[in-house]
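Here is the structure we will look at.
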Number of protein chains: 2
Amino acid sequence: MPYRGDVTIVAEAAIPSRRELNKAATREAIATAALELLRAKGMNGFTADDVANAAGVSRRTFFNYFSSPEAAIASFTQKYLDTVIEQLLLRPRDEALLESAQHALTAVEPKDLATLAETFALTQGDAQLSRFQLEAWDNCSSKIITAIGSRLGGLDAAGAAPGSTPLDANGELYLHALVQSVIACGRAAVEVWFRRHGEDISPASLAQLRELLVSAIGHLRTGFHS
Amino acid sequence: MPYRGDVTIVAEAAIPSRRELNKAATREAIATAALELLRAKGMNGFTADDVANAAGVSRRTFFNYFSSPEAAIASFTQKYLDTVIEQLLLRPRDEALLESAQHALTAVEPKDLATLAETFALTQGDAQLSRFQLEAWDNCSSKIITAIGSRLGGLDAAGAAPGSTPLDANGELYLHALVQSVIACGRAAVEVWFRRHGEDISPASLAQLRELLVSAIGHLRTGFHS
DNA sequence: CTCACTCCTTGCACTCACTGCATAACTTGC
DNA sequence: GCAAGTTATGCAGTGAGTGCAAGGAGTGAG
């Protein structure tokens with residue numbers, strides 16, 4: 001195994017420096033430590049101090065990475081949703097958004113889906129934790145909207161329009177309503193899944209979750225006519 | 001003006017006792033005090049102590065009513081959404097849900113819509129406050145789902161089914177996806193409105209907000225086909 | 001009216017989340 | 001290996017949020 005030091009290859013996504021690696025590592029350590037404490041003692045069963053100790057960093061460092069213990073937990077949901085966004089942006093541009101969403105939601109590692117499901121289950125019962133989860137889903141909406149918005153027409157966020165025609169009010173509403181509905185259906189699927197399967201994280205159960213996700217978006221595609 | 005003391009009439013909604021009136025009054029006082037402080041100094045510009053003093057109660061009493069200053073602010077959004085739910089449940093049962101939603105969203109006092117808009121505007125920029133707003137919208141989803149769920153078929157929440165057939169997994173997903181999408185479209189409308197009109201709470205601006213609300217739900221009705 | 005009862009308010013004390021600042025440890029480019 | 005920039009940590013301070021026990025106001029029966 002030659003060249004163990006600074007690895008050269010992998011041209012993708014820029015070479016992470018040691019600093020960046022360290023930061024990512026401690027961030028990871030803190031988040032997983034928080035998750036394990038949550039598993040073991042439930043929220044309110046541990047403090048920010050405990051998380052810091054378990055992760056092998058000082059309390060102050062903990063707060064350099066996360067604004068609260070809840071934020072550390074919610075980072076897993078964030079991460080899952082970020083990978084979904086990645087997948088979404090990889091889809092062909094001319095594909096219908098709802099179809100892209102169906103593909104993106106299911107094109108993630110089973111492991112990531114599992115932690116999404118688990119954190120969702122563990123989240124039930126703690127108000128503040130739930131709020132952070134909601135925030136994660138909402139952030140996802142915003143990111144997608146900005147991405148799609150800048151893709152077609154002027155920048156969606158306040159900023160100079162580069163070339164094409166900026167979105168009019170109707171188009172903007174359409175985009176926002178569509179994306180937020182997609183996210184809403186995603187959450188609905190997870191919710192229904194949890195009601196049915198509780199804390200069961202088995203592959204079979206996760207397969208059901210996938211199915212629910214697809215089928216929730218499917219309802220959006222075919223429309224609601226009750 | 002005879003009988004100024006204990007008024008007898010108004011058979012609707014039970015006679016509120018003096019205790020209940022007092023509680024409602026202090027709750028109201030605290031909430032409005034919080035809102036005024038928010039208007040004047042922005043979030044982070046005041047403490048729970050300040051709110052309590054402004055409302056003429058002790059700090060401890062403040063926390064008897066709200067778990068945090070943010071919760072006090074979010075109570076306005078809660079209230080607005082609760083009246084929407086009321087309106088929604090007043091609609092004929094055989095009406096399509098999406099149509100009911102359009103009516104319910106616009107059948108509220110202009111004043112309430114104004115405070116919804118204002119608190120939304122004031123909320124921008126504070127993370128914790130935003131989370132509480134999200135929670136309010138999400139609570140609204142849950143309430144509607146439970147209401148509709150118990151209306152058709154067995155209780156949606158875990159509980160004994162009274163008479164009719166309980167919802168199967170598909171029906172449950174359908175219901176959740178639909179309701180959460182409606183709420184999502186509501187939020188989307190407010191968001192787009194805010195982007196266009198900023199802090200403008202004039203009647204004309206609010207009329208536009210109403211229009212956006214209806215038209216967002218309209219998108220759900222006609223379906224998304226981009 | 002008044003006495004007992006219940007619920008609400010308040011002050012006190014305590015834990016812990018979160019932040020600014022100053023200092024030590026570490027990375028990086030030279 | 002040295003100077004510069006970053007990150008980790010310790011310290012101290014503010015303020016959120018809670019349990020507890022004492023005082024006060026609304027309630028109901030006699």
Side-chain angles (χ1 to χ4, degrees), chain A residues 5-8 14-31 33-34 37-38 41-75 125-132 135, chain B residues 5-8 14-31 33-34 37-38 41-75 125-132 135:
Chain A
D6 290 19
V7 192
T8 38
I15 2 85
S17 75
R18 180 157 219 130
R19 265 196 189 138
E20 284 164 338
L21 287 178
N22 283 346
K23 282 197 73 167
T26 51
R27 188 182 176 83
E28 176 95 5
I30 293 175
L37 280 171
L38 176 60
K41 320 196 165 184
M43 208 89 231
N44 300 340
F46 62 96
T47 74
D49 244 325
D50 299 334
V51 180
N53 288 334
V57 297
S58 79
R59 166 191 174 77
R60 191 62 183 81
T61 298
F62 170 87
F63 282 109
N64 282 343
Y65 283 88
F66 297 102
S67 62
S68 67
E70 288 86 355
I73 301 293
S75 76
D126 184 83
Q128 182 68 352
L129 198 40
S130 301
R131 283 178 211 123
F132 272 84
E135 188 188 26
Chain B
D6 290 21
V7 191
T8 38
I15 2 85
S17 75
R18 181 158 217 130
R19 270 200 183 130
E20 284 164 338
L21 287 177
N22 282 346
K23 283 197 72 167
T26 50
R27 188 183 177 82
E28 176 96 3
I30 293 175
L37 281 171
L38 176 61
K41 320 197 165 183
M43 207 89 230
N44 300 340
F46 62 95
T47 74
D49 245 324
D50 300 334
V51 180
N53 288 334
V57 297
S58 79
R59 166 195 169 73
R60 192 62 184 81
T61 298
F62 170 87
F63 282 109
N64 282 343
Y65 282 88
F66 297 104
S67 62
S68 67
E70 289 86 355
I73 300 295
S75 75
D126 184 82
Q128 182 67 353
L129 198 40
S130 302
R131 287 189 272 267
F132 273 83
E135 188 188 25

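Within every chain, numbering begins at 1; the chains are lettered A, B, ... in the order of the sequence lines, protein sequences first and strands thereafter. Just so it is clear, the values below take in all heavy atoms, side chains as well, and ignore hydrogens, waters and symmetry mates.
The separation between A:Asp126 atom CG and C:dA17 atom P is 12 Å, rounded to whole Å. Distance A:Arg131 CZ to D:dG17 C1': 12 Å, rounded to the nearest Å. Here the C1' atom of nucleotide C:dC26 and the CD atom of A:Glu20 are 15 Å apart, to the nearest Å. Across the protein-nucleic acid pair, B:Arg27 atom CZ and C:dT9 atom P stand 12 Å apart, rounded to whole Å. Rounded to an integer number of Å, the gap from B:Phe132 CZ to D:dA16 P is 12 Å. Atom CZ of B:Phe63 and atom P of D:dC20 are 18 Å apart (whole Å). Distance A:Gln128 CD to D:dT18 C1': 15 Å, rounded to the nearest Å. For the pair B:Phe66 CZ and C:dC8 C1', the interatomic distance rounds to 16 Å; values are reported in whole Å.
In terms of the side-chain contact (heavy atoms from CB on, under 4.5 Å) criterion, A:Ala24 has no residue partners (sequence neighbours excluded). Not a single side-chain contact (heavy atoms from CB on, under 4.5 Å) links B:Asn53 to another residue, sequence neighbours left out. Residues meeting the side-chain contact (heavy atoms from CB on, under 4.5 Å) test with A:Ala54, sequence neighbours left out: A:Ala33, A:Leu37. Checked against side-chain hydrogen bond (donor to acceptor under 3.5 Å, both in side chains), B:Gln128 has the following partners two or more places apart in sequence or in another chain: A:Gln128, B:Arg131. In terms of the side-chain hydrogen bond (donor to acceptor under 3.5 Å, both in side chains) criterion, residue partners of A:Thr26 (sequence neighbours excluded) are, by chain and number, A:Tyr65. Checked against side-chain contact (heavy atoms from CB on, under 4.5 Å), A:Ala71 has the following partners two or more places apart in sequence or in another chain: A:Phe66, A:Ser67, A:Ser68, A:Phe132. Annotation: side-chain hydrogen bond (donor to acceptor under 3.5 Å, both in side chains) contacts of B:Arg27 (sequence neighbours excluded): none. Residues meeting the side-chain hydrogen bond (donor to acceptor under 3.5 Å, both in side chains) test with A:Asn64, sequence neighbours left out: A:Arg60.
Separating the CD atom in B:Glu28 from the CG atom in B:Leu21 is a distance of 12.0 Å, to the nearest 0.5 Å.
Near DNA chain C, defined here as any heavy-atom distance below 4.0 Å, there are no residues from residues 42-52 of chain B.
Paired with A:Phe62 under the rule side-chain contact (heavy atoms from CB on, under 4.5 Å), one option of A:Asp49, A:Asp50, A:Ile30 passes, and it is A:Ile30.
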Item to complete: Sugar-phosphate means primed atoms, P, OP1 and OP2; the rest is base. With that split, encode nucleotides 1-11 of chain D 5' to 3' as B, S or - using protein heavy atoms under 4.0 Å.
Response: ----BSSSBBB
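Proximity of B:Ser68 to the phosphate of D:dG17: a side-chain N or O atom is located under 4.0 Å from OP1 or OP2. Neither OP1 nor OP2 of D:dG26 sits under 4.0 Å from any side-chain N or O of B:Ser17.
The minimum heavy-atom distance linking A:Met43 with A:Leu129 is given by the pair SD-CD2, 3.3 Å.
For the helix from C:dT9-D:dA22 to C:dC30-D:dG1, the end axes, each set by the C1' atoms of five terminal pairs, are bent relative to each other by 30° (nearest 10°).
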